Engineer: 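Before I ask anything, let me first share the structure, which is written out below as C-alpha cells.
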Amino acid sequence: MPVDRTTGASLANMKRRGERIACLTCYDAAFCRVLEGAGVDVLLVGDSLGMVLQGHSTTVPVTLDHMVYHSRCVSRVSERALVIADMPFMSYASPERALAAAERLMGEGGAAMVKLEGAGPAVETTALLTRYGAPVCAHLGLLPQSVHQLGGYRYQGKDDDGAAVIRADALALQDAGASLLVLECVPAELAAALSAELLIPVIGIGAGNRCDGQVLVLHDMLGLTPGRPPRFSRNFMDTGGSVSEAVAAYVAAVRSGAFPGPEHTLF
Ligand code: KIV
C-alpha cells in the first residue's frame, strides 16, 4: 500500500483537523484517474450504477457480480483514494451472505471498505465484518435499497421521533465498528448534530454543509442525469470547462464549505 493512500484512519484524522472530506461515486478506470487527479479523497463504487449506468429506476436490480466488476475497474488503477464498494440489495441478508459478499468485493473487486445500508440487523453485520477485517461504511437516512418499502425517495428524520431513531442507529453502528457514516437526505440540523457527536466521519448527501464531508453521484454533478437532477445536487459543468476542472471545483467547494449552499439545503 503506498504511504499516502487514504484510509479510514486518515479520514478520521481529517475530521479531527476539521478538514472536509470530498467523496464522489466512481464506476470505472477512466473516471478514477480524473477524480484522483482532481484530489477526490474517497471513490464510492455505489450501487447507484444501476440507475446511472444501467438505466434502472432503482438500485434493487444491481447484483454482486456487477459490483465486483465495477469495483475492480476502479481499484485496478486507483493510486491514492479510499475505494469503497456498496454491498448490493440482499447481499448482506444473512451473516454468511455478508461475509461472502465482502470477500468478493475486497478480494476480487479490490475495495478497501464495504458500505451497507440501514441499522437493525446491519449493526450485527457491521460487527461481524469488522471482526473479520473488513472495514465498514454505514449508511442511514434515505436508504435507496428500501425504496419499495419507503414508497419513494423522501427525506428522513424530519420529526423528533425519526431523528432520535437515526441518532440511536448511528451510535450503534459506530459502537459496532463502522469507520464512516453516509447520511442521505436528512435535515441539516440533524446531520450537523451527528457530525459533532460521532467520532467517525459523517459524509452527507442532501444533508447540509455541516457534515465532515460530502458525496454526490458523479453523473449528477457532471450534468449527465436526464431530467431534473436531485435538488440537493449541483451541476459543476454549468460554468464550462473540462470534467477535471468541474471535479476540482467540487473538491474546492467541499473543502471550503461553499457546497452545499443554502439553495441545496432543503430541510
Ligand atoms: O450508491 C450510491 O451512489 C450511494 C450514494 C448516493 C451515497 O450510496
Side-chain angles (χ1 to χ4, degrees), residues 11 21-28 31-32 35 40-64 66-71 73-74 81-92 101 105 109 111 113-119 122 126 136-147 150 152-157 166 170 173 178-186 191 194-195 200-208 211-222 224-225 229-234 247 250 254 259-260 264 266:
L11 295 177
I21 298 160
C23 172
L24 282 174
T25 66
C26 183
Y27 318 106
D28 65 30
F31 276 113
C32 174
L35 269 51
V40 175
D41 303 301
V42 179
L43 304 177
L44 171 63
V45 187
D47 58 359
S48 51
L49 68 84
M51 300 170 81
V52 296
L53 299 188
Q54 298 173 338
H56 294 295
S57 59
T58 75
T59 60
V60 171
V62 176
T63 67
L64 186 57
H66 298 152
M67 293 307 304
V68 170
Y69 172 80
H70 286 281
S71 300
C73 290
V74 173
L82 174 68
V83 177
I84 304 179
D86 257 336
M87 299 183 75
F89 183 63
M90 289 293 168
S91 68
Y92 44 102
L105 289 167
M113 189 178 283
V114 293
K115 178 163 83 58
L116 46 152
E117 295 184 7
T126 297
V136 170
C137 174
H139 183 152
L140 293 175
L142 172 57
L143 307 178
Q145 290 175 10
S146 302
V147 63
L150 295 170
Y153 296 101
R154 300 200 182 93
Y155 270 71
Q156 305 292 312
I166 291 175
L173 287 159
S179 302
L180 282 181
L181 170 64
V182 167
L183 264 187
E184 179 166 358
C185 292
V186 302
L194 283 176
S195 302
I200 59 173
V202 174
I203 310 296
I205 173 165
C211 300
D212 302 306
Q214 299 292 329
V215 58
L216 283 180
V217 170
L218 178 65
H219 291 56
D220 289 346
M221 60 81 66
L222 293 180
L224 294 173
T225 303
R231 281 168 57 205
F232 56 74
S233 191
R234 180 182 142 192
V247 175
Y250 167 76
V254 170
F259 178 80
H264 310 112
L266 307 185

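Please read these numbers as outputs of a predicted model, since none were measured by experiment. Both counts, for ligands and for their atoms, begin at 1 and track the order of listing. Below, each value reflects all heavy atoms present in this structure, side chains not excepted, and no hydrogens, waters or symmetry copies.
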Engineer: Counting only N and O atoms by type, is there a donor-acceptor contact under 3.5 Å from the side chain of Tyr250 to the main-chain atoms of Cys23?
Structural biologist: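 It does hold such a pair.
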Engineer: Start with the C-alpha gap between Leu116 and His139, add the side-chain angles, then the distance that decides, and say whether side-chain contact (heavy atoms from CB on, under 4.5 Å) holds.
Structural biologist: CA-CA 6 Å; Leu116 46 152; His139 183 152; over 6 Å; no
Engineer: Out of all atoms in ligand 1, which are within 4.0 Å of some heavy atom of His139? Include the element for each.
Structural biologist: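 It comes down to these atoms of ligand 1: 8 (O).
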Engineer: Output the list of atoms in ligand 1 that are nearer than 4.0 Å to some heavy atom of Gly46, sorted by atom number.
Structural biologist: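 That gives atoms 1 (O), 2 (C), 3 (O) of ligand 1.
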Engineer: Select the closest option to atom 6 (C) of ligand 1 among Asp220, Ile205, Val45, judged by heavy-atom distance.
Structural biologist: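 It is Ile205 that holds the nearest heavy atom.
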Engineer: Tell me, which protein residue and heavy-atom name are nearest atom 8 (O) of ligand 1, and how many Å apart are they?
Structural biologist: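 It is Lys115 NZ, 2.9 Å.
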Engineer: Pick one: which of Glu117, His70, Met87, His56 meets side-chain contact (heavy atoms from CB on, under 4.5 Å) with Asp47?
Structural biologist: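 Among the candidates, only Glu117 passes.
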Engineer: May I ask whether Glu117 has any heavy atom positioned less than 4.0 angstrom from an atom of ligand 1?
Structural biologist: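 Distance cut 4.0 Å: Glu117 fails for ligand 1.
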Engineer: Below 4.0 angstrom from a heavy atom of Asp47, which ligand 1 atoms are there? Numbered from 1 as shown, please.
Structural biologist: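 So the answer, numbered in order with elements, is 1 (O).
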Engineer: Under 3.5 Å, side chain of Asp41 to main-chain N/O of Ala22, donor-acceptor pair present?
Structural biologist: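 Flag set: sc Asp41 to bb Ala22 pair under 3.5 Å.
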Engineer: Report yes if some N/O of Thr25 lies less than 3.5 Å from some N/O of ligand 1; otherwise report no.
Structural biologist: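 Thr25 vs ligand 1: no N/O contact under 3.5 Å.
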Engineer: To the nearest 0.5 angstrom, please state how far the CZ atom of Phe89 sits from the CG atom of Leu64.
Structural biologist: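 Going from the CZ atom of Phe89 to the CG atom of Leu64 covers 14.0 Å.
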Engineer: Just which atoms of ligand 1 are under 4.0 Å from any heavy atom in Ser48?
Structural biologist: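 What qualifies from ligand 1 is 1 (O), 2 (C), 3 (O).
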Engineer: Of the side chain and backbone of Asp86, name the one, both, or neither that has a heavy atom under 4.0 Å from an atom of ligand 1.
Structural biologist: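 Asp86 to ligand 1: side-chain contact only, backbone stays beyond 4.0 Å.
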Engineer: If the plane angle is over 60° it's perpendicular, under 30° parallel, otherwise tilted; pick one for Tyr155 and Phe232.
Structural biologist: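 The rings of Tyr155 and Phe232 stand perpendicular, inter-plane angle above 60°.
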Engineer: Take Leu140 and Leu181 through the test side-chain contact (heavy atoms from CB on, under 4.5 Å) and record every step on the way to the result.
Structural biologist: CA-CA 7 Å; Leu140 293 175; Leu181 170 64; 3.9 Å; yes
Engineer: Give me the nearest non-hydrogen protein atom to atom 5 (C) of ligand 1 as residue plus atom name, then the distance to 0.1 Å.
Structural biologist: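 Checked against all protein heavy atoms, atom 5 (C) of ligand 1 sits closest to Leu44 CD2, 3.8 Å.
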